[in-house]
Participant: 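One structure, pasted below without further comment.
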Amino acid sequence: MAFTLRVTQGDDAPEDLSFDGGEVRLGRTADNDVVIRDPSSSRSHARVYEEEGLVFVEDLKSANGTTLNDRPLKAPVQLEAGDVIAIGGVVLEFVAAGGPSSTLAGEDDDEDPNATLLKPQGKPPRKPAVAGVAKPRKPTDPGRQAIEPTAPRGAVLRKPSKVIPVTSPEPVVDEAPLLPTAADRARERRELQRSNLGKLQVLWQEFPKPTRIVVGLIGSLVIVGLLGALVSAMIPRRDVKRNEPDELVPNGDPIVESFGEGDGIDFPRPDMKSFTFTFAAPTAIVGVLHYQARDCGKDEVSIELNGTQLSTVPADTVDVDNRQLEVVLPAGQVKVNEPNEVVFDNVTNPPANDPWKIWNLWVEVIPVPQMSADEAGRRAKEDLERAGKLYELRGVGAMNLFRSWKQYRDAWLLLEATPGRPDELLQHARARMKEIRPELDKKCALMLVSYQREMNQKYPNTAAARRVLQDIPSYFEKEHPCFSMSRGLLANLENLGEVE
């Protein structure tokens, strides 16, 4: 059965998409029959298919769902003319469903010659399918319903009554209780005096009755208060979270909250997460995306800039929680004075449910002056010479080692952004960066060990630990992860001081 989907909202609206029947896949990737270019769309999002002369629509377990006539689509539903399917900001209308495709064109039927027939265009050629596409489900029979027997309205079910014989109870003899004698009470007191608990019991009995009532009420209130405090301590506290961020501030503070899939995620995103940033500059810019990641397999999470894949998140290492990652945003792909979109895309989810986590995300943006390759080479050569002198003086000033590394890094970024740059200078800058980085990391590790030593004492020396953290910015600036780690630890110390 042939049918038509009309795009009423989206980049290609208005447009009619005609098909000969069968199955039509809708999703974000190019291997679908209808490509939905919307951030809310999953790779394999939904399908429209024909079965036994009827046309149905089904959501393929997408991350953000599909709506049919403004209602969430939970199961396959038969389509009728005029039904509206929405995937994110893209809206498609189910126009009509006709008979077999042979009646659409090339038949000498006695039909109205003025009628306009939609000739099916057929499915576009498929690209290699993405692995793990959700398996289609057959629609349930809408006319088949389970019928359970029920009693007629207002009916009263009665059981046969049973007569229970009544017997007369035996007479009860009312006997007066035997009261203890004075000798019995004296003997009981002597027994109680032999233990500390018994002495307390004797003391309690000697209190007047009003005093015992007041003491009992006070004790009950104390017990209720202790139980309330215990229950309150056992209930986990929910941290107040801010709204999910979707914008990166160039050279601003990192987004410390995490996103992804799995336990301990601040903002669950099983499929993908996108951010935008805008930077105003009179010249071209080059960017560096800084982030931390864990629970990511090899080539599992891709990083895209403005629709172009730059790299993938590296797989986990031993020191994954302290590992700082970065990826260069090339000058030729970064838009100036326009929004740029950065996307982290888990290529296995859905239909899989693999865990992944990204946090401490921020973007560094560096304006690159417009210059020729020769001029960029001269500028980079000056930076390299300055970096070498700073390295020779690394034992004189606390910041010289870091500034040497940063000068090599600036030369590298300048050459990366310049077409036709001298490759020998680029390779030299990159090699020196890799050689100096371990020295910086070792210095950072020694200072953090000093901090831990002060905190791991029997009575933590928070004042000495705070001095170590406050001294770290004398050796590092924001471009090295030691700076941001020290700021986070210092904030934890300040919160600990408030609790104490």
Participant: Between Arg421 and Glu375, does any NZ, NE, NH1 or NH2 come within less than 4.0 Å of an OD or OE carboxylate oxygen?
Facilitator: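 Judged by the 4.0 Å cut-off on N to carboxylate O distance, Glu375 and Arg421 do not form a salt bridge.
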
Participant: A side-chain contact here means heavy atoms from C-beta on lying under 4.5 Å apart; do Leu79 and Ile85 qualify?
Facilitator: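 In short, these two side chains touch, coming nearer than 4.5 Å.
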
Participant: List the steps, then state whether side chain to side chain contact (heavy atoms under 4.5 Å, CB included) holds for Lys273 with Asp246.
Facilitator: CA-CA 8 Å; Lys273 173 62 178 175; Asp246 55 9; 4.1 Å; yes

Participant: Thinking salt bridges, do Glu23 and Arg25 make one under a 4.0 Å N-O criterion?
Facilitator: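 Salt bridge present between Glu23 and Arg25.
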
Participant: With heavy-atom distances below 4.5 Å as the criterion, would you say the side chains of Val249 and Trp362 are in contact?
Facilitator: no

Participant: Could you tell me whether the side chain of Met433 reaches within less than 4.5 Å of the side chain of Arg437, counting heavy atoms only?
Facilitator: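 No - every pair of side-chain heavy atoms lies 4.5 Å or more apart.
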
Participant: In sequence, state the C-alpha distance, the side-chain angles, and the governing distance for Ile303 and Val313, and then conclude on side chain to side chain contact (heavy atoms under 4.5 Å, CB included).
Facilitator: CA-CA 7 Å; Ile303 303 176; Val313 176; 4.0 Å; yes

Participant: Charged N to carboxylate O under 4.0 angstrom, Arg43 versus Asp271?
Facilitator: yes

Participant: Does this structure show an ion pair linking Asp383 with Lys406, if we count only N-O contacts that are shorter than 4.0 Å?
Facilitator: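 Salt bridge flag = no for Lys406 with Asp383.
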
Participant: Under 3.5 Å, is there a donor-acceptor pair between the side chain of Arg487 and the main chain of Leu469?
Facilitator: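 A pair under 3.5 Å: yes.
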
Participant: Taking atom types as modelled, is there a side-chain donor on Asn346 or Glu300 under 3.5 Å from an acceptor on the other?
Facilitator: yes

Participant: Any side-chain heavy atom of Met272 within less than 4.5 Å of one from Arg28?
Facilitator: yes

Participant: Can a donor-acceptor pair be found between the side chains of Ser62 and Asp59 at a distance below 3.5 Å?
Facilitator: yes

Participant: Hey, can you tell me if Phe19 and Phe3 have their rings parallel, tilted or perpendicular (30° and 60° cut-offs)?
Facilitator: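 Ring orientation, 0 to 90° scale: tilted.
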
Participant: Quick one: are Ile358 and Gln292 in side-chain contact, heavy atoms under 4.5 Å?
Facilitator: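 Answer no - side chains too far apart.
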
Participant: Looking at every non-hydrogen atom in both residues, tell me the closest pair between Phe275 and Leu248 and how far apart they are.
Facilitator: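 That would be CB-CG, 3.8 Å.
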
Participant: With distance as the sole criterion, is a donor-acceptor pair present between the side chains of Asn64 and His45 under 3.5 Å?
Facilitator: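 No, because no side-chain N or O of Asn64 sits under 3.5 Å from a partner of the opposite role on His45.
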
Participant: Any side-chain donor-acceptor pair under 3.5 Å between Asp345 and Ser302?
Facilitator: no

Participant: Is the shortest side-chain heavy-atom distance between Tyr475 and Phe483 below 4.5 Å?
Facilitator: no

Participant: Can a cation-pi geometry be assigned to Arg269 and Phe267, taking NZ or CZ under 6.0 Å from the six-membered ring centre and within 45° of the ring axis?
Facilitator: no

Participant: Measure across Gly264 and Lys357 and return the closest heavy-atom pair with its distance rounded to 0.1 Å.
Facilitator: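 For Gly264 and Lys357, the tightest heavy-atom pair comes out as O-NZ, 4.3 Å.
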
Participant: With a 4.5 Å cut-off on side-chain heavy atoms, are Asn340 and Leu305 touching?
Facilitator: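 Yes, close enough: below the 4.5 Å cut-off.
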
Participant: Taking Asn306 for the side chain and Glu341 for the main chain, is one N or O donor matched with an acceptor at less than 3.5 Å?
Facilitator: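 Yes; at least one donor-acceptor contact below 3.5 Å.
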
Participant: Do Asp16 and Thr4 meet the criterion of a side-chain donor-acceptor pair at a distance under 3.5 Å?
Facilitator: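 On atom types as modelled, these side chains do not qualify, holding no pair under 3.5 Å.
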
Participant: Which residue in the set Val48, Asp83, Leu26 passes side-chain contact (heavy atoms from CB on, under 4.5 Å) when paired with Leu92?
Facilitator: Leu26

Participant: Can you establish whether the number of heavy atoms outside Asp263 located under 6.0 Å from its atom CG is more than 12?
Facilitator: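 No, because the 6.0 Å sphere around CG of Asp263 holds 12 heavy atoms or fewer from other groups.
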
Participant: With side chains defined as the heavy atoms from C-beta onward, is the minimum distance between Ser486 and Phe476 less than 4.5 Å?
Facilitator: no

